[in-house]
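Chain identifiers are assigned alphabetically (A, B, ...) following the order of the sequence lines, protein sequences preceding nucleic acid strands; residue numbering begins at 1 within each chain.
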Number of protein chains: 2
Amino acid sequence: MAADPKAVAKAFTDWYYAAFAANRASLAGVYRDISMLSFEGTDHVGTSAIVAKLQSLAFQQIQFKVLSLDAQPSNPQLGSILICVTGQLIPEGENKPLFFSQTFQLIPEGGSFWVYNDVFRLNYG
Amino acid sequence: MAADPKAVAKAFTDWYYAAFAANRASLAGVYRDISMLSFEGTDHVGTSAIVAKLQSLAFQQIQFKVLSLDAQPSNPQLGSILICVTGQLIPEGENKPLFFSQTFQLIPEGGSFWVYNDVFRLNYG
């Protein structure tokens, strides 16, 4: 039975942003060597490069607030899922939230999912 | 030879937003009966429903400005492409731009591409 995309999207993003805030190294488990991250226009491929990029971000503490969450099946044969997030983030030492958009494609594997595509952009006002 | 995702993304979005501004009915050609549009959280499936939704939007004239454009292969075997856009739009009669995010997945077919996934959100500041 195919997983419900919206339920997977909610569970995944709840976990992802909590893990990002708590311990960015713990995100390694959802990436693979063929995973791709485009972060503010720079491209990173593979678990090590992706986690190194996320750990290199200057702030040590950050809060995320998801404002919208959309999900669609991205390939009915594979059971993969496209997830689109818009939200706010507040790095430590900042008092004004920054708006961001993030898109993931999740691939099912062994009852769970891993991230093949990850595209992150701040939305400047 | 697989198409370069960034070149496809640029050509597609140049065409898409110009066609949207000029004649929304002309967008029908890039959707199929299994295409999906999530527009501000409401879901529409198939060419007719998607184009009807786009044509139902109240404004008759609109300008788009793409601020960021990212692209990744979404399935190397298929040659499909994930495109993430952030930008501004200005409907007629408004003088303040609205920020938006839009994600597409394009599927190759006969030397061109069609839209399987389309997710649109305004980003409220």
Side-chain angles (χ1 to χ4, degrees), chain A residues 4-6 9 31-46 50 65-89 96-108 115-125, chain B residues 4-6 9 31-46 50 65-89 96-108 115-125:
Chain A
D4 173 50
K6 289 180 201 299
Y31 294 101
R32 297 288 181 270
D33 285 348
I34 58 169
S35 300
M36 290 166 276
L37 168 67
S38 293
F39 189 92
E40 286 288 281
T42 65
D43 294 329
H44 309 272
V45 177
I50 290 169
K65 183 177 178 186
V66 171
L67 296 177
S68 75
L69 181 59
D70 295 301
Q72 295 179 351
S74 61
N75 182 313
Q77 282 75 48
L78 280 181
S80 53
I81 296 173
L82 181 70
I83 298 175
C84 298
V85 180
T86 72
Q88 292 179 329
L89 58 85
K96 253 183 64 174
L98 300 170
F99 287 82
F100 74 95
S101 313
Q102 191 162 14
T103 295
F104 300 96
Q105 187 184 200
L106 301 189
I107 310 295
V115 176
Y116 183 50
N117 301 100
D118 182 352
V119 178
F120 178 94
R121 281 280 180 179
L122 290 172
N123 305 137
Y124 295 103
Chain B
D4 172 50
K6 290 181 201 297
Y31 294 101
R32 297 289 182 270
D33 285 348
I34 57 169
S35 300
M36 290 166 276
L37 168 67
S38 293
F39 188 91
E40 286 288 280
T42 65
D43 294 329
H44 309 273
V45 177
I50 290 169
K65 183 178 178 185
V66 171
L67 296 176
S68 74
L69 181 58
D70 295 300
Q72 296 179 350
S74 61
N75 182 313
Q77 281 75 49
L78 280 181
S80 54
I81 295 174
L82 181 70
I83 298 175
C84 299
V85 180
T86 71
Q88 292 179 329
L89 56 86
K96 253 183 62 174
L98 300 170
F99 287 82
F100 73 95
S101 313
Q102 191 162 14
T103 295
F104 300 96
Q105 187 184 199
L106 301 189
I107 311 295
V115 176
Y116 182 50
N117 301 99
D118 182 351
V119 178
F120 178 94
R121 281 280 181 179
L122 291 172
N123 304 138
Y124 296 102

query = Given the options A:Ser80, A:Gly87, A:Ser101, which has more heavy-atom pairs under 4.5 Å with chain B than any of the others?
reply = A:Ser101
ask   = Say you draw a straight line from CD of B:Gln72 to CD1 of B:Ile81; how long is it, rounded to the nearest 0.5 Å?
value = 11.0 Å
remark   = Separation between NZ (B:Lys6) and CG (B:Leu69), nearest 0.5 Å, reads 8.5 Å
ask   = For B:Asn123 and A:Leu67, what are the C-alpha separation, side-chain angles and deciding distance, and is it a side chain to side chain contact (heavy atoms under 4.5 Å, CB included)?
value = CA-CA 9 Å; B:Asn123 304 138; A:Leu67 296 177; over 6 Å; no
query = How about residues 35-44 of chain B versus chain A: which residues have heavy atoms under 4.5 Å apart?
reply = B:Met36, B:Leu37, B:Ser38, B:Gly41, B:Asp43
query = Under the side chain to side chain donor-acceptor pair (under 3.5 Å) test, which residues partner B:Thr86, sequence neighbours left out?
reply = B:Ser68
inquiry  = When you compare the side chain of A:Asn117 with that of A:Thr103, does any pair of heavy atoms fall below 4.5 Å?
reply    = no
Residue B:Leu78 versus chain A: region with a heavy atom under 4.5 Å = side chain
Working for side chain to side chain contact (heavy atoms under 4.5 Å, CB included), residues A:Leu122 and A:Phe120 = CA-CA 7 Å; A:Leu122 290 172; A:Phe120 178 94; 4.0 Å; yes
ask   = Side chain, backbone, both or neither: which part of B:Pro76 has a heavy atom under 4.5 Å from chain A?
value = both
B:Lys96, part contacting chain A, at a heavy-atom distance under 4.5 Å = neither
query = To the nearest 0.5 Å, what is the distance between CZ (B:Phe100) and NZ (B:Lys65)?
reply = 11.5 Å
query = Given a strict heavy-atom distance threshold of 4.5 Å, which part of A:Pro73 is in contact with chain B: side chain, backbone, both, or neither?
reply = both
note = Per-residue tally against chain A (heavy atom, under 4.5 Å) across B:Ile34, B:Ile107, B:Leu82 peaks at B:Leu82
query = Are the side chains of B:Val115 and B:Leu106 in touch, meaning some heavy atoms are under 4.5 Å apart?
reply = yes
task = Kindly determine whether A:Gln105 and A:Ser74 satisfy side chain to side chain donor-acceptor pair (under 3.5 Å), including the steps that lead there.
result = CA-CA 8 Å; A:Gln105 187 184 200; A:Ser74 61; 2.7 Å; yes
